[in-house]
Structure formats: structure tokens, C-alpha cells
Amino acid sequence: MPTRCVVYSDLPHGAPMTVRTRFAPSPTGYLHIGGVRTALFNWLFARQRGGQFILRIDDTDVARNVDEALQPILDGLRWLGIDWDEGPGVGGPHAPYFQSQRADRHKAAAARLLATGHAYRDFARPEEVDEERKAAQAAGRPFLYSRRFAAFTDADAARFEAEGRPSFVRLKMPREGSLVIDDAVRGRVEFAWEREQDHVIQRADGSCLYHLASVVDDHDLAITHVIRAEEHLSNTPRQAFIATSLGYPLPAYAHLPLVAEPGSRTKLSKRKLAQYLKNNDFKQVMDHGLRIAERMGVSADADTFNPVIVDFYREVGYLPWAIDNYLALLGWSYDDKTEFFSREELTRHFTLERINASPASFDPKKLWAVQDHYMAMLTADERLAMMLPFLARAGLVADPATPGERETVRKVIEASGDRLKVAGDILAYADFFLVDEPAIDPAAVKQRLAKPGVRALLEAFSGALAAVEPFEPPMIEAALKQVVEAAGLKVGDLVHAVRVAVTGKTVGPGLYDCLAILGRERSLDRIRRALPACEPIG
RNA sequence: GGCCCCAUCGUCUAAUGGUUAGGACAUCGCCCUUUCACGGCGGUAAUCGGGGUUCGAAUCCCCGUGGGGUCACCA
């Protein structure tokens, strides 16, 4: 290893090498929003350069059921449209794409490192290293393993073995000089070798640790650009040491700014949901999701029903591209005003150069705004296709929906306009058209129905409604205005009461649309049934 | 604590060393309006501090301060 080694942020010009990036999640059972951002940037960069995006599963240390823990991650990426050229489910020329299945390669690399003197067998017991560590700490100096149980000769090894000590393998890190990497987003970063530990790369049982495995796999998969979160920046020296010791060319590195908590710079974590809920924007988005889950009768399992986890957005009915577009803006920008990009535009414009180096806090309200924008661009048919499954899940329509149900829902969608922000919102706007006896909000009754004069007004309107022909919004509006004028009142005085009588709520699409969709008979029936509630309370 | 990274409105961000420091979300006010939502108009709001370099610094350098990441036989 040269005392100074410069890693370039991109490949030399003229090298006709295809860009290959990877996302290497470990099977944790869920897809974290920060992980998605990393995957997205890798994907975008590969696509922009006409290269390949590889999905590798870093399951080196898993004791759990990998399939079960992997599925949500694969599903999440697919849902978001982040497709991989090689990896689980699609295979590829460098298979297998599971780290656990590459153990032989890792072991061979460890053996080579040992043979070339870049690593050594160590016979220290954990507590013996801990003692050194504590002593260094107490003395106020940086810890550096003494290597006193390192076997640099066969004689050493024989002696330690005679003591019955198990051995494992450590890196023999340089203790002079420094490593300089030219990070694509951070620029030049220098690390002194004397601060780097002799990391363990292979356990006594022969299994290899993450850093070795990762470097070997990246090389075997011909990864050219390692684009990952900033938390890995300090891992880079040991990985660069492993790679160069093995004779591998170094990949280019790009360390992405962390996705931080709302209103903070701390790394976003799914475990701190309770704390994030104190943030009003976060709470609003969460509560909205909770209401939708409740209407569908879905249990909002805190483990995945969490705005830090991608599943949340799928459950609630966000558009996958809205999430991609929002996440692309978290740490990256195109110019001073463009915020919305089609898939093609984004893959055309994306560059590593325009990635920001400082942490970016996750703002669920801004994501909401991006979602709003894309939702508004959908046609009624597109929304219908998107929303029907939510209604079916809530038991409000058959699965598949009958032609009649589809027609009704389509009308509701058209009448609802921009009110539907996420697919799950249809539940709140369509229910009273799909059930015979909609739930009545008591507060709405008190506010709009239980007042003097309301009953007579509703009765008069019923009479007018019975004669409206055709039963369409403009005519219904005219009839209502006539009743109101005859009574010497304002439109609002009747509209609100009719709305509550008919829908049970104070909010919804335009009233005339509601009545038209409901039809004459059902409208009259509901008004009739609401009349007893019009008696003033007390 | 060591090492490393970061620092423009509350948030995401823009600004070849020369701009009245721009946009978006959020927020506030007004308008539109049958509710809600949308929409329209307008407002509040930022270069962490101190030194340099320079005719000129958000921008380059240094020092502080603050925040963050990382220091496993986890990944």
C-alpha cells in the first residue's frame, strides 16, 4: 500500500467502461425512506450514464427468515419503479446476488490477504483487546491494538494454539501516511492511517465480516461507483485498503448527505416515530394515514405503518413517482426553480455534481405537496383504477367492482376534483354514495340541522326537488335557489343543511353534484329521514 | 473524547467573487366560494461568529462556534 493513495471521483476519460452502481440493503423487513433515497440516486446515476443498476442483498449476518425480510424491500423498490438490471428475481452474469452465497469468495480473499501480509491471524481474546482499549481511553490517547497476540510467524501461531486460543483474522493496516479520496460530493477527504484500526475481517469460525465481503462483492460485480450514505464515509479507508491490497482498482465514491429528521440534522430513524409526531407537519401526515387505515379496517401496525417506511405511502395511496420526485430533491437540485420532473427528465438531468453535501431533513409536508401536484395531473380514469382497490378493501364496492359501482365512483371522482390527495381519500368521499345508511356526524347535525326553521326549509326543498327535471346539477341549483329566495334567506342557509342531511358530513364535493350522483329517490329519502333530527335541542 | 463531514429563510434549495440574495413547501393576510379542496394576489422570513485575501466575499483561506456521522468478531 503506498503511503498516499488518491482515489478519483470518476473514471479516467476515454475508458469505455460501463457505469455500474449498486444498492445493497440487508434484509431488515422494511424499506426505509433514507434507503430509498440511496437506491434512487444509484439508479438515477446508472440510468443517466446508460449503465447498470445492481441489487445485491447483504445478508451476511442474518439469523432470521431472509425471504420474509426481503420481500417488503423488493416490493417497495418495484413499486417505486426502481428496477434493477441484475439481482434477486432477475439474475445476471455475476450471480449469485446474495452476499451469503458468496462466502467462498470472501474466504479466498481473506486467505490471500493473509498470504500477502496485508492481514494476520490474531489470537487475542475479546476481553484482552477491551483492556487495551480502556487503558488507552483512560490515558487519553487514541486506541491502537498492540498486536501482541498477532501471529506473524508459524512459531507464534503454534505457541498461541498450544494455549488453546482461537484465532481470527485482522487487517494489518498501515500506520504511517494517509489516504486521500476524491469524493464526488465531498471533494478531497484525507484520513491518517495511524487512526485506522486493524479491523477483523474473518471470525474464528471462518465466516467473513461485512467490510471484506462488501469490497470483494463490489469488485466481483464490477461496481464502478459506490454511491452510499455519509455514514459510510469513515469506512472508506479500511475498504480502500482491502481493495488495493487485493489488487482491485478502486471504485469512485460518492457519499450522500444523510436524510435527517424533520427539523433536525440527526439521521432519520424508524424507531423515533413518537418523537417525530410532535412535529405538526409529521403528525398531520400520519393522522391522515391513520384515518384511511381505519376506514379500510386495516390495522396500523406501528412497525411498518410509519411515514419513515415506504409501505406507509403505498398503504395510504401515494403515487410512487411523487415519492421518487420528492426524494430526488432531497440532496439534489437541477436549478433554481424546477421541481417536477418526469422519469425521463430526471434520468436525463441527474448528475453527481449537483448533489448537496449537507444533511437534508425529511419534510413530509413537502412530499404531500408533490403528491398533490401529481395527483392533480391524473385523469378520472387513472384515479378510478388507482382508487377502486381501496374501496374494495374497505368493503364499499365488490372486487372487482360492478359496472354500476364503477360508474358511481367515477362520478364521485370527477365531482371531487382536487379534494382527493391520495388514493385512500376516496373512502371519505365515496362512502355515502355506496352505502344505504351513511354514518351521520353528530356534530354536523348539531351545527346544521338542529336549528329552528331548518325542517320547514328542508321540506320545501324536498318538494322542489321532486319536480326537478332533468335531475342534474344546474337544475338542482336553480331549484334550491328558488326555495331560498322564497324564504328570504341565503344559499348557504339551505346548502349546509341539505349536505348534512344527505351525506352526514359537513365537507365533500359540491352539493349539487352530490345530489345528482345520489339520484332523486335516494336524495329525497335521505332528506326525509333527516327531518326528525331538525328539532332544536333543548 | 479521537477521526471525518457539514453550515443560505422554520424546511428543501438557487446564486462563473459584483443579484434589491431567487424559487418551492410551510406560515400569515386578502380575494374567490354552498362546505372542504383548488385557485389568485400580497406579506413575514436566511447567508452562524470573528479575522484575513480582494476595489468588491454567501461564494476563497484561517480560527472559533454549532450540528451531524463514525469509532463491533453488526450491516
Side-chain angles (χ1 to χ4, degrees), chain A residues 24-28 58-62 99 122 124 126 129 133 136-137 140-143 166 168-170 183 185-187 189-192 194-197 199-205 207-211 213-214 229-237 255 257-258 260 262-267 279-281 326 329-340 354 356-370 372 376 416-421 425 428-429 444 448 477 480-481 484 490-500 503 505-512:
Chain A
S26 58
T28 51
D58 282 5
D59 57 346
T60 305
D61 191 54
V62 281
Q99 198 158 66
D122 191 35
V129 178
R133 202 188 315 268
Q137 210 160 37
R141 60 182 158 76
F143 166 69
F168 52 95
V169 181
R170 278 188 194 277
D183 189 277
V185 344
R186 263 144 243 285
V189 184
E190 183 164 3
F191 298 88
E194 61 180 346
R195 289 282 182 274
E196 296 299 320
Q197 304 298 322
H199 298 279
V200 175
I201 54 173
Q202 188 173 29
R203 300 183 181 94
D205 67 2
S207 61
C208 294
L209 278 329
Y210 169 74
H211 293 290
S214 180
E230 199 216 80
E231 55 193 289
H232 285 288
L233 185 55
S234 48
N235 293 331
T236 307
H255 287 94
L258 248 30
S264 157
R265 312 259 93 155
T266 309
K267 185 167 69 171
N279 173 296
N280 199 42
D281 291 345
Y326 168 71
L329 261 18
L330 216 51
W332 177 85
S333 65
Y334 175 62
D335 60 14
D336 60 339
K337 42 181 70 76
T338 315
E339 296 212 287
F340 300 111
R354 289 198 64 89
N356 216 79
S358 49
S361 26
F362 176 66
D363 180 355
K365 220 42 193 300
K366 177 95 180 199
L367 167 55
W368 176 263
V370 174
D372 189 9
S416 298
D418 293 323
R419 276 165 275 243
L420 303 167
K421 305 297 186 192
D425 285 341
Y429 285 92
R448 300 298 189 188
E477 178 174 5
L480 183 136
K481 282 187 170 154
V484 164
K490 285 178 295 184
V491 169
D493 296 326
L494 217 202
V495 162
H496 298 301
V498 174
R499 176 184 297 285
V500 173
T503 72
K505 308 179 188 194
T506 55
V507 303
L511 179 68
Y512 311 124

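Reminder, nothing fancy here: chain letters follow the sequence lines and each chain counts from 1. Remember, it's a predicted structure, so these values are computed and weren't measured experimentally.
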Backbone N/O of Ser26(A) and side chain of Asp58(A): donor-acceptor pair under 3.5 Å: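 No, because the side chain of Asp58(A) does not come within donor-acceptor range (under 3.5 Å) of the backbone of Ser26(A).
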
Phe143(A) backbone acceptor or donor facing Gln197(A) side chain under 3.5 Å: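 Looks like yes, one N/O pair under 3.5 Å.
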
With a non-hydrogen cut-off below 4.0 angstrom, is [X] in contact with a base, only sugar-phosphate, or nothing?
{"X": "Arg186(A)", "result": "sugar-phosphate"}
{"X": "Gly508(A)", "result": "base"}
{"X": "His211(A)", "result": "base"}
{"X": "Arg203(A)", "result": "base"}
{"X": "Asp418(A)", "result": "sugar-phosphate"}

Separation of the C1' atoms in rC63(B) and rU20(B), to the nearest angstrom: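 Pairwise C1' distance, rC63(B) against rU20(B), rounds to 33 Å.
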
Integer angstrom distance from the P of rG69(B) to that of rC61(B):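 To the nearest whole Å, 25 Å.
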
Closest to side chain of Ser26(A), choosing from rG69(B), rC36(B), rA75(B):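 Output: rA75(B).
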
Counting only side-chain N and O atoms of [X], is one of them less than 4.0 Å from OP1 or OP2 of [N]?
{"X": "Ser234(A)", "N": "rC3(B)", "result": "no"}
{"X": "Ser358(A)", "N": "rC5(B)", "result": "no"}
{"X": "Asn356(A)", "N": "rA14(B)", "result": "yes"}

Polar contact flag, side-chain donor to acceptor under 3.5 angstrom, Arg203(A)-Ser207(A):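 Yes.
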
Distance, nearest 0.5 Å, that separates CG of Leu258(A) from CZ of Phe362(A):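 Result: 14.0 Å between the selected atoms.
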
